[in-house]
Amino acid sequence: MDRRQFLTLSPTRHKTAKAPLGRTDSGIAPFTGAFETAQAVHLLKRALFGASPADLSWAKGLGSMDQAVDALLTPLATMPSPPVNNYGDDATGIAPGATWVNAPAYVRMEDDPLGQNRQRSYKAWWTGVMLNQTRSIHEKMVLFWHNHFVTETQTVTDLRYVYKYNTTLRQYALGNFKALTKAITKDPAMLIYLNGNLNGKTAADENYARELHELFTIGKGPDSHYTEDDVRASARVLTGYRVDENTITSHFDSTQHDFTNKQFSDFYGAKTVTGKTGPAGETELDDLLNIIFAQPECAKFIVRKLYRFFIYYKIDDAVEQNVIAPLADIFRTNNYEILPVLSALFKSEHFYDPLNMSCLIKSPIDFCIGLCREFSVVFPPASDYMNAYEAWDYIRDFAGKMLQNIGDPPLVAGWAPYYQEPMFHEMWINTDTLPKRNMLSDYLVQGQGAPHDLKIDVLAFADQLSDPGNPVTLVKDSLDLLYRVDVSDSLRSFMKNSILLSGQSPNSDYYWTDAWQAYKGNPGDVATRTVVESRLKAMYKFIMDLSEYQLS
């Protein structure tokens, strides 16, 4: 008798797939747990830049996680006011305080030979928009798409085009990804950045066509098998787009278009884009996008990028099966609408899995903008544009020194921490950038070193917490909001006893309570104010200097 017959698996076991091993086995089933402080802060800090006490009260006051997610995923209805001339003399006649976005091309001036005035104006303006964001994920998504559809002001030196590119990202940030890809393909800044405006029928330029496949839609994953012939065929489809400096727009020049047929590989179903003459040649772009977006790997590629941006950098087999694949199905089923994917992700058990909390290192933008927002740092009003832009640029410059200079990702692939294996987001922190993070938080806590009296008002922040006169509660509320990871009881005791109680006996909580009540009873008294303010400054400086504050 052949003993092997007894070793055969049962029919039931034959049909049961082995669950992949992973960091966590949670998926996109709806989260059914309690929506308490930890979950609300996690949601806010992933969807916004930072979370203030008022943000937390707002989220918890909505009544449920579903309502909070729906509110955060509401797109902004209007564009922010455009950047203005904050630099003084402008040879194109733009008065100080007036916007330059529809002005003539910038003319180099003796005191600005590199034409950087508008560049600084643009970057400061964008920083100000992020600092003043409403409770919507819109601003985070604009940054996400900027890192995806990269352009650089170092290459696209006419900032009028760069501003229009920013508005394109804003328009489609929470809309349809396919429509966004089409708009970006024809965007003047992108045409300049990747030589699309030089792409003609006699010499097809493959620069944008290559990135369209490799970085913008399909990616370089294990299941991406597009060919060099696909790149060449795409370049021919995209011949004829040009930029008009006077109108700051792009247009299709049919005389520069290759109207022959374009054949694609088996990876794209061996489909053909039929060449068209005259103005109809512009519709070949739609045919090309239809071919690309019919490939399932397109949806998976974008979902993976969203996952790394909002959840965690590591995508193992379990995450691929339980999260990426079903979200990609949602993406395709909804014709590449972005909101259904984000909604499913932010309402999922996977998003609130404890292993996915406090696991991301804040990007420099997230750190700098989030720090200012959660402590409600007061900036000069936008109407005071000279001072406002200077203050906004101070924050932008710090983020740039920490390796994230908005407007100028280092490569067409974006910032390396979002894609570079194996370190990913760990690359944000090194012996140069970490001290700069601590320097910014120290400056703002102490109210020194920053322009226009930028500072963290520690008294106002503490006053928003549930019971600032109770040192135990004050420490707890502060850590619950500012940290995404729990800390030891000994660290909490140190903060209370050594900082707030200033070395009093461990049972002297009344010392802080009395000091706080004395300040609240007479806030104008310098002595009583100094007692509590100095200890709060020391505590919040201590909190932000520890590694836990770097986590989101």
Side-chain angles (χ1 to χ4, degrees), residues 26-31 43 46-47 66 69-70 72-75 136-138 140-149 168-185 211-226 267-269 271 285-353 356 414 418-419:
S26 56
I28 67 166
F31 174 70
L43 171 63
R46 294 294 173 89
D66 281 354
V69 172
D70 290 343
L72 289 166
L73 294 186
T74 302
S136 169
I137 199 173
H138 211 124
K140 267 278 180 80
M141 288 303 297
V142 172
L143 181 63
F144 172 83
W145 292 123
H146 174 49
N147 182 67
H148 182 73
F149 289 113
T168 298
L169 298 183
R170 292 181 180 282
Q171 180 181 351
Y172 295 95
L174 291 166
N176 186 276
F177 173 59
K178 188 176 181 181
L180 171 58
T181 305
K182 180 178 179 180
I184 283 292
T185 300
E211 308 307 357
L212 177 63
H213 295 273
E214 181 176 318
L215 297 177
F216 299 161
T217 57
I218 298 296
K220 298 186 290 185
D223 298 320
S224 297
H225 302 297
Y226 63 88
F267 177 71
Y268 288 122
K271 294 180 180 178
L285 171 56
D286 295 312
D287 298 337
L288 170 61
L289 294 180
N290 287 338
I291 289 173
I292 292 175
F293 278 73
Q295 168 52 244
E297 189 61 20
C298 179
K300 292 180 182 178
F301 175 62
I302 300 303
V303 167
R304 291 185 193 111
K305 292 198 73 169
L306 287 167
Y307 185 88
R308 289 193 168 110
F309 191 85
F310 286 109
I311 308 296
Y312 191 55
Y313 71 88
K314 185 175 181 180
I315 299 178
D316 53 32
D317 290 343
V319 168
E320 186 70 26
Q321 175 178 301
N322 300 331
V323 181
I324 303 301
L327 285 178
D329 289 341
I330 291 173
F331 206 15
R332 297 186 71 209
T333 300
N334 286 275
N335 192 31
Y336 288 93
E337 289 291 331
I338 297 159
L339 275 176
V341 176
L342 294 177
S343 180
L345 179 60
F346 284 108
K347 293 179 179 180
S348 71
E349 61 178 11
H350 188 77
F351 182 76
Y352 298 97
D353 188 320
N356 289 327
Y418 292 119
Y419 67 85

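The structure displayed is predicted, hence computed values, not measured ones.
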Tell me, do [X] and [Y] make a side-chain contact under 4.5 Å, heavy atoms counted?
| X | Y | answer |
| --- | --- | --- |
| Val323 | Ile311 | no |
| Leu169 | His148 | no |
| Cys298 | Tyr336 | yes |
| Leu327 | Ile28 | yes |
| Asn176 | Ile338 | no |

Can you give me the closest heavy-atom contact between [X] and [Y], atom names plus distance?
| X | Y | value |
| --- | --- | --- |
| Ala344 | Ile330 | CB-CD1, 3.7 Å |
| Tyr419 | Gly414 | CE2-O, 3.7 Å |
| Asn356 | Arg46 | O-NH2, 3.0 Å |
| Arg332 | Ala299 | CG-CB, 3.4 Å |
| Glu337 | Pro340 | O-CD, 3.4 Å |
| Gly219 | Tyr226 | O-CE2, 3.5 Å |

Say you draw a straight line from [atom1] of [X] to [atom2] of [Y]; how long is it, rounded to the nearest 0.5 Å?
| X | Y | atom1 | atom2 | value |
| --- | --- | --- | --- | --- |
| Thr181 | Ile292 | OG1 | CD1 | 8.5 Å |
| Phe149 | Leu180 | CZ | CG | 4.5 Å |
| Leu342 | Phe331 | CG | CZ | 8.5 Å |
| Met141 | Ser136 | CE | OG | 10.5 Å |
| Leu174 | Leu339 | CG | CG | 5.0 Å |
| Ile324 | Asp317 | CD1 | CG | 12.0 Å |

Short side-chain donor-acceptor distance under 3.5 Å, [Y] and [X]:
| X | Y | result |
| --- | --- | --- |
| Tyr312 | His350 | no |
| Asn147 | Lys305 | no |
| Tyr268 | His213 | yes |

Practice problem: Take the angle between the ring planes of Phe346 and Phe310 and call it parallel below 30°, perpendicular above 60°, tilted in between. | Solution: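 Aromatic pair Phe346/Phe310 classed perpendicular.
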
Practice problem: Using atom types as modelled and distance alone, determine if a side-chain donor or acceptor of His138 lies under 3.5 Å from a backbone N or O of Thr74. | Solution: no

Self-check item: Side-chain (Thr168) to main-chain (Ile184) donor-acceptor, under 3.5 angstrom
Solution: no

Quiz item: Does a side-chain N-to-carboxylate-O contact under 4.0 Å join Lys347 and Asp70?
Solution: yes

Quiz prompt | For Lys178, the option from Asn290, Asn335, Thr217 that meets side chain to side chain donor-acceptor pair (under 3.5 Å) | solution = Asn290

Is the gap between the ring centers of [X] and [Y] under 6.0 Å?
| X | Y | answer |
| --- | --- | --- |
| Tyr307 | Tyr313 | no |
| Phe177 | Trp145 | yes |
| Phe351 | Phe31 | no |

Exercise. Show your reasoning for whether side-chain contact (heavy atoms from CB on, under 4.5 Å) applies to Gln295 and Phe267.
Key: CA-CA 8 Å; Gln295 168 52 244; Phe267 177 71; 3.5 Å; yes

Quiz item: Which salt bridge (charged side-chain N to carboxylate O under 4.0 Å, His left out) pairs, counting each pair once, include a residue from residues 291-300, with sequence neighbours left out?
Solution: Glu297-Arg304

